[in-house]
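First listed ligand is number 1; within each ligand, the first listed atom is number 1.
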Amino acid sequence: MRKSLRIGVLALQGAFREHVRALRRLGAEAVEVRLPEDLEGLDGLVIPGGESTTIMRLARIYGLDDAIRRFHGALFGTCAGMIVLDQEHLALADLEVERNAYGRQVRSFEADVRLADDDLPLRGVFIRAPRVRELGSGVEVLGELDGDPVLVRDGGVLLAAFHPELTDDLRVHALFLELAKKMRASRPPGVPLPKEASARRAGPYKRYGQAPSAKHPAGCGVSPPRSPAPPGASGRRPGGRDVGPL
Ligand code: GLN
């Protein structure tokens with residue numbers, strides 16, 4: 001089997017070059033993706049920050065929206081990429097976000113993100129960032145800012161509300177490569193997961209940003225309890241790819 005991971009970066013618009021650079025610094029083979037056929041043989045795909053409306057529009061024009069829905073590798077959405085993967089867009093992750101929730105461009109900021117598995121905080125660059133409004137019960141919170149989940153994982157889908165490619169801290173990209181490696185190990189490239197294995201979860205949603213009490217109460221890294229609700233019970237499209245714990 002190929003040793004280095006081959007990761008695509010959706011290169012329709014936005015900060016794709018910075019992701020390519022970060023992935024190469026970690027030893028991955030990084031390629032720009034502009035057409036559905038570019039996804040062949042990839043272990044993972046990054047959907048960068050930029051402008052989600054533009055990324056969605058161009059993805060539709062090139063048939064990349066359906067191709068990404070069929071893609072079986074790991075996915076990593078940052079900022080606009082997080083929006084693109086949410087339930088109101090490609091519906092590949094079990095969450096809903098509010099665009100530009102922290103205000104206009106001038107309200108963009110940097111802040112320390114508290115990580116679930118690391119005492120050293122991570123500097124996050126938030127540029128017209130989305131904010132999680134609802135989070136599926138199976139989604140793992142990996143990083144928080146003031147009680148808001150800003151780094152989460154839904155199975156094989158990693159999502160950051162900020163821009164990890166704009167700092168020299170490579171921890172989030174390293175985490176994504178770990179996820180892509182794990183998914184590759186569980187399935188040789190080109191072999192689709194059996195239907196049951198890729199079945200998505202559905203469940204009640206945790207609401208954020210409504211009132212302070214609605215924020216994630218248990219703190220960083222404590223996953224909300226899993227729901228016994230049967231798939232589809234909520235009437236929403238569940239997200240994520242089941243790969244177990246990371
Ligand atoms: N506000 C942008 C959007 O709605 C996202 C900003 C970003 O990716 N930095 O798509």
L95 versus D154: any side-chain heavy-atom pair under 4.5 Å?
no
Are any of the side-chain nitrogens in E88 or R133 under 4.0 Å away from the carboxylate oxygens of its partner?
yes
For I83, does its backbone N or O pair with a side-chain atom of H89 as donor and acceptor, under 3.5 Å?
yes
Judged by atom type as modelled, is there a donor-acceptor pair below 3.5 Å linking the side chain of Q13 to the main-chain atoms of E51?
yes
For the residue pair H173 and H19, does the interplanar ring angle fall in the parallel (under 30°), tilted (30 to 60°) or perpendicular (over 60°) class?
tilted
Could you give me the CA-CA distance, side-chain angles and deciding distance for E98 and R131, then say whether salt bridge (Lys or Arg N to Asp or Glu O under 4.0 Å) is met?
CA-CA 5 Å; E98 189 186 333; R131 190 173 190 177; over 6 Å; no
Heavy-atom contacts with ligand 1 below 4.0 Å: which residues, ordered by chain and residue number?
G49, G50, E51, S52, C79, A80, I83, R99, N100, I127, R128, H163
